[in-house]
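A short worksheet on the structure shown next.
The structure presented is a predicted model; accordingly, all values stated were derived computationally and were not measured. Quick note: numbers below take in every heavy atom, side chains included, and nothing from hydrogens, waters or symmetry partners.
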Amino acid sequence: MDIAAPLDTKGTLNYVGRIVGRGRLDVTDPSTNNASFEPVEVTVHDARPERDELSLEKAGFFFATHDCPVALDPELFATNMTRQRAATGPAAEYESEVADFLKQMTGADAVVPQIFGGLVARTSVRAEVKSWAPPANFVHLDFTANSAADFLHWCVPEDLINKYRNGRFSVFQTWRAISPGPQDNTLAICDGSSVSPDEAEVIDMVVTTEGQPGGKFEIRLCRHNPSHRWYYLPDMKPSDLLVFKAYDSLMPNAMNAMHTGFENTLAGPHAVPRQSLESRFYAFYN
């Protein structure tokens, strides 16, 4: 059987530039932003040849096969095109199915979805009908120890927090493309073992009114280092699920796993505008 040649590509990724004072990114009032970015062209490796070796333990992420018919339910995408997360119907079914899958794959004792900002439908800038959320086009991690603790108390029932108070918890993010390949824009993800915690830059992210749960929180940007090793999965199918570790209370400073949307130059003139679903979950261990 012929094995397809790896589709390594070049991508321009936006690393953090010089910031004076406390960094801030505010999608509601960009006039208050002071974060700057440095575009860097890097090689983004086709993950297929290493798919079996890439793991949560080694790289901070893996590409799983997860057949999930509800992911293709038009109502699921349509009801999450606005900033307000749908809490019932296909959205609840989707999050339940992914939570069960994560529990099985990670050995966690309990897995629950993040309520605020946890389920996001994104579209590329070329899509005819656009979501409120375009692809995030800068290198980042969505959590610090502070924001992981904040979202924990905003999103997880208190009785569950108390039950696992003395145990370990992790935050997992999942991402899948529901538009067919080749996607015009896709997700690049970095091997966490190739990044030093010293390269992180903590800033404030503001997405809604400050003072509301999930309105303002810390994220991490990252300074460029040529040792960073980036991956993507070409022509993703809806059954391809990227699972990555966003935070782990056992390794709070680990750089698992930096990611960013990027324009896939190999997709060519017939590239399909990206539609994608991402979701976030809290996992607890005794």
*Test salt bridge (Lys or Arg N to Asp or Glu O under 4.0 Å) on K216 and E210 and set out the steps.*
CA-CA 6 Å; K216 176 184 175 182; E210 293 189 48; 3.5 Å; yes
_Using modelled atom types and a 3.5 Å cut-off, is there a donor and acceptor pairing between side-chain atoms of D73 and backbone atoms of P69?_
no
*Under 3.5 Å, is there a donor-acceptor pair between the D235 and Q183 side chains?*
no
_Cationic N near anionic O, under 4.0 Å, R274 to D184_ = no
*Hey, quick one: are L141 and M251 part of the same hydrophobic cluster, counting side-chain heavy atoms closer than 4.5 Å, chains of contacts allowed?*
no
*asked:* With a 6.0 Å cut-off on the ring centroids, do H259 and F61 count as close?
replied: no
*Evaluate the criterion salt bridge (Lys or Arg N to Asp or Glu O under 4.0 Å) for residue pair E158 and K163; output intermediate values, then yes/no.*
CA-CA 9 Å; E158 188 174 353; K163 181 177 180 180; over 6 Å; no
_Whether S147 side chain and T144 backbone form a donor-acceptor pair below 3.5 Å_ = yes
_Backbone of F138 reached by a side-chain donor or acceptor of H140 within 3.5 Å_ = yes
*Identify whether the distance between the nearest side-chain nitrogen and carboxylate oxygen of D240 and R51 falls below 4.0 Å.*
yes
*asked:* Is there a salt bridge (Lys or Arg N to Asp or Glu O under 4.0 Å) between R220 and E201? Walk through the geometry before answering.
replied: CA-CA 5 Å; R220 284 176 286 174; E201 177 86 32; over 6 Å; no
*With side chains defined as the heavy atoms from C-beta onward, is the minimum distance between V44 and Y231 less than 4.5 Å?*
no
*asked:* Any side-chain to backbone donor/acceptor pair from S170 onto D248? Under 3.5 Å, distance only.
replied: no
_Parallel, tilted or perpendicular: rings of F284 and F169 (30°, 60°)_ = tilted
_Just checking F281 against F172, ring centres under 6.0 Å apart?_
no
*Is there a path of hydrophobic side-chain contacts, each under 4.5 Å between heavy atoms of I, L, V, M, F, W or Y residues, that connects L221 with F217?*
yes
*Is it true that the side chains of S194 and S227 contain a donor and an acceptor less than 3.5 Å apart?*
no
*asked:* Test: ring-ring contact (aromatic ring centres under 6.0 Å, His included). Region: residues 64-86. Which pairs qualify, not counting sequence neighbours?
replied: H66-F101
*What residue pairs, at least two apart or across chains, pass side-chain hydrogen bond (donor to acceptor under 3.5 Å, both in side chains) with a residue in residues 108-123?*
R122-E278
_Any donor-acceptor N/O pair, Y94 side chain to S279 backbone, under 3.5 Å_ = no
*Can a salt bridge be assigned to the pair K58 and D191 using a cut-off of 4.0 Å between side-chain N and carboxylate O?*
no
